[in-house]
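Per chain, numbering begins at 1; letters A, B, ... match sequence-line order. Because only heavy atoms are used, hydrogens play no part in the values below, and waters and symmetry mates are left out as well, while side chains stay in.
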Protein chains: 2
Amino acid sequence: MVDFEYSIPTKIFFGKDKINVLGREVKKYGSKVLIVYGGGSIKRNGIYDKAISILKENGISYYELPGVEPNPRITTVKKGIDICKENGVELVLAIGGGSAIDCAKVVAAGCDYEGDPWDIVLDGSKIKKVLPIASILTLAATGSEMDSWAVINNMETNEKLIAAHPDMAPTFSILDPTYTFTVPKNQTAAGTADIMSHVFEVYFSNTKTAYLQDRMAEAVLRTCIKYGKIALEHPSDYEARANLMWASSLAINGLLTYGKDTNWSVHLMEHELSAFYDITHGVGLAILTPNWMEYILNNDTVYKFVEYGVNVWGIDKEKNHYDIAHEAIEKTRDYFVNALGIPARLKEVGIGEDKLDIMAKESVKLTGGTVGNLRPVNANEILEIFKKSL
Amino acid sequence: MVDFEYSIPTKIFFGKDKINVLGREVKKYGSKVLIVYGGGSIKRNGIYDKAISILKENGISYYELPGVEPNPRITTVKKGIDICKENGVELVLAIGGGSAIDCAKVVAAGCDYEGDPWDIVLDGSKIKKVLPIASILTLAATGSEMDSWAVINNMETNEKLIAAHPDMAPTFSILDPTYTFTVPKNQTAAGTADIMSHVFEVYFSNTKTAYLQDRMAEAVLRTCIKYGKIALEHPSDYEARANLMWASSLAINGLLTYGKDTNWSVHLMEHELSAFYDITHGVGLAILTPNWMEYILNNDTVYKFVEYGVNVWGIDKEKNHYDIAHEAIEKTRDYFVNALGIPARLKEVGIGEDKLDIMAKESVKLTGGTVGNLRPVNANEILEIFKKSL
């Protein structure tokens with residue numbers, strides 16, 4: 001196990017109607033709030049109205065930043081910062097999924113920064129003071145409700161980058177599984193793939209001594225595999241939605257990575273796909289993942305795929321190691337495509353050969369030439385993975 | 001999954017030589033520290049000297065409360081409170097295992113209470129203000145380094161009770177697995193049994209919908225089973241000590257219980273054994289656990305033992321359910337007795353029939369007549385379990 005410094009400060013209010021704590025919790029930090037959200041779904045399903053009525057009852061004034069994009073843009077972040085600065089906002093409240101929360105985080109981090117907010121995305125060390133952030137989660141996927149990262153797009157430069165600062169972890173998040181009952185099937189599927197990919201990013205690590213973390217990672221994966229399918233078939237199944245929602249938070253809040261050496265891979269590749277083509281993040285992950293797994297499978301890495309196959313998919317441990325590995329990868333692909341109904345190939349989401357090369361090169365631009373930890377891959381290898389995914 | 005409000009605020013500094021953060025971290029809270037510890041082991045292995053030298057280098061003045069008992073006594077807590085009050089102590093630093101940390105917690109909670117400190121053990125709602133608490137852990141067992149509970153003995157009344165308050169969670173804990181290299185075999189074994197019992201207390205719950213939590217609980221159990229034995233055979237195996245140490249924290253910090261209905265059982269029974277006989281807590285737990293399991297096994301509970309047997313012990317899931325359950329219980333007993341070398345019977349630790357009845361009655365005194373959740377047991381049933389454990 002490698003050394004770590006654990007800090008997961010976000011408080012979670014989990015359960016039906018937990019939104020009722022909103023007024024009490026917000027007032028610990030102030031009385032002026034910026035509400036950050038995306039499209040109209042929170043207005044259609046009543047969450048917006050409920051939040052507003054609680055804020056009003058508690059004498060909390062609010063401003064709004066609507067229209068956050070599925071891949072949130074730095075231009076939208078700038079608008080939010082301007083509103084906060086003009087009105088002395090004291091807490092940034094995201095209502096939505098990862099996009100709204102990520103946008104809220106960089107708004108909160110940018111209020112005390114005088115330069116171009118894109119600077120703080122490029123370099124988190126420029127972040128000095130972050131307004132308190134809270135979230136009301138409506139989609140189990142990114143885990144942004146309990147981590148300190150944000151993914152922001154710059155459409156001018158075709159960049160999709162990760163902003164990070166410890167103080168960007170929400171002070172509290174409200175997780176009401178019933179809020180995800182109305183999430184459409186394709187988003188439920190993509191969200192489940194996203195959660196699983198967060199686990200893969202840290203599970204497929206070279207650290208062989210973090211047994212506890214690896215077994216917990218498998219617990220999260222098994223949860224996604226069991227309940228992703230159920231949530232698609234029965235959107236109002238509370239047990240399924242609750243398990244997926246809590247899995248989304250635990251997959252990425254640090255619990256599974258503290259104690260391991262990790263370098264993400266598929267997420268960085270996929271960020272290029274969605275930066276260039278604006279596709280759904282979880283769909284890109286699900287398409288790339290099995291092809292990435294096949295690519296990194298070799299004599300040095302097969303042991304990890306055996307662990308994965310035996311502990312997650314219940315494959316007979318007595319089988320030949322490569323047979324277990326191939327079967328596990330095939331089960332992963334089959335789950336994404338046939339159980340979750342996610343497209344199997346990049347061509348199905350409108351991605352052809354023409355930009356693969358530049359996207360492969362961009363994937364490793366900020367990581368010293370390779371991505372990944374168990375078996376790092378360089379731009380040429382990423383190009384191979386992209387081609388296999390076409 | 002049942003509703004929950006998650007808050008695990010303790011920061012963890014995990015790894016070899018992490019004690020070096022001590023000065024920096026303490027100074028965030030003040031410059032006057034009470035050091036709470038037990039016997040001489042921290043002086044023999046150099047941890048005491050190292051801590052003192054860091055405090056001195058950082059200009060932090062310190063007072064000492066040595067001699068905390070293995071089952072810490074309220075009389076010792078009182079001494080600590082007096083030292084804090086007299087000297088304006090700003091942080092209470094435990095160096096040791098659960099006993100030192102538990103004692104430190106109630107000292108910290110008692111400094112702002114004017115009455116008899118036993119009052120705040122009996123009723124945590126009387127705790128108003130708690131001094132910051134920190135710990136340097138030397139034994140993987142109780143998990144006190146990351147939870148907000150403390151177990152305190154009152155030898156006058158033969159009571160061993162749990163004090164609880166959210167603010168009693170340490171602000172930070174330093175977990176250096178090398179500090180447990182010198183833990184004797186019997187304490188390593190008892191500590192491992194204690195960690196496993198913490199998991200059992202929340203795993204064997206009636207909540208059937210917390211799939212994620214149950215799989216994570218199994219991850220912790222498998223970790224204990226794998227590494228408890230290795231740590232006994234190879235006391236300086238870093239991987240084993242690190243996995244056990246982190247397991248001790250995660251077993252009880254709330255992660256496995258948030259989302260489940262839980263009522264502890266074997267711990268409450270065992271607290272009576274060690275209140276009356278001053279035996280090692282983990283030994284009492286290991287003796288009682290398999291007999292408690294056998295007692296609560298019936299047609300309503302067998303499904304949970306099947307989960308346990310299949311997922312933790314790798315028993316073939318195609319077998320008859322009762323066969324799986326009995327095999328799992330037998331493997332548990334065998335692990336405690338033969339792998340960890342813990343006595344199998346109460347008689348071996350000097351407990352006879354004479355006080356079983358009063359201890360059984362005391363076990364349920366504060367819990368409304370029963371203990372446990374999956375299948376609650378009353379005083380008569382506890383007496384049966386005690387008798388089977390003789």
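- Between Phe204(A) and Phe305(A), the distance from one ring center to the other falls under 6.0 angstrom.
- Side-chain contact between Pro132(B) and Phe172(B) is absent, with no heavy atoms from C-beta onward closer than 4.5 Å.
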Inter-chain polar pairs, chain A versus chain B: which donor-acceptor atoms lie under 3.5 Å apart?
| unit_1 | atom_1 | unit_2 | atom_2 | d |
| --- | --- | --- | --- | --- |
| Phe4(A) | N | Phe14(B) | O | 3.0 |
| Phe4(A) | O | Phe14(B) | N | 2.8 |
| Glu5(A) | OE2 | Lys18(B) | NZ | 2.9 |
| Tyr6(A) | N | Ile12(B) | O | 2.7 |
| Tyr6(A) | O | Ile12(B) | N | 3.0 |
| Ile12(A) | N | Tyr6(B) | O | 3.0 |
| Ile12(A) | O | Tyr6(B) | N | 2.7 |
| Phe14(A) | N | Phe4(B) | O | 2.8 |
| Phe14(A) | O | Phe4(B) | N | 3.0 |
| Lys18(A) | NZ | Glu5(B) | OE2 | 2.9 |
| Thr209(A) | O | Asn243(B) | ND2 | 2.9 |
| Tyr211(A) | N | Asn243(B) | OD1 | 3.4 |
| Leu212(A) | N | Asn243(B) | OD1 | 3.0 |
| Asn243(A) | OD1 | Tyr211(B) | N | 3.4 |
| Asn243(A) | OD1 | Leu212(B) | N | 3.0 |
| Asn243(A) | ND2 | Thr209(B) | O | 2.9 |

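- For the pair Val310(B)/Ile324(B), a side-chain contact is recorded, criterion being any heavy-atom separation below 4.5 Å from C-beta on.
- At a 4.5 Å heavy-atom cutoff, Met245(A) makes no contact with chain B through either its backbone or its side chain.
- Taking 4.5 Å as the limit, every side-chain heavy atom of Ile252(A) sits out of range of all side-chain heavy atoms of Val202(A).
- For chain B, no part of Leu175(A) is nearby; none of its heavy atoms comes within less than 4.5 Å.
- Across all non-hydrogen atoms, the minimal contact from Ala134(B) to Pro170(B) is CA-CB, 4.5 Å.
- Ala210(A) touches chain B through its backbone: at least one of N, CA, C or O sits under 4.5 Å from a heavy atom, while the side chain does not.
- Residues passing the side-chain contact (heavy atoms from CB on, under 4.5 Å) test with Ala51(A), sequence neighbours excluded: Ile19(A), Leu22(A), Ile95(A), Ile136(A).
- Annotation: side chain of Leu256(A) is in contact with side chain of Val199(A) (closest heavy-atom distance under 4.5 Å).
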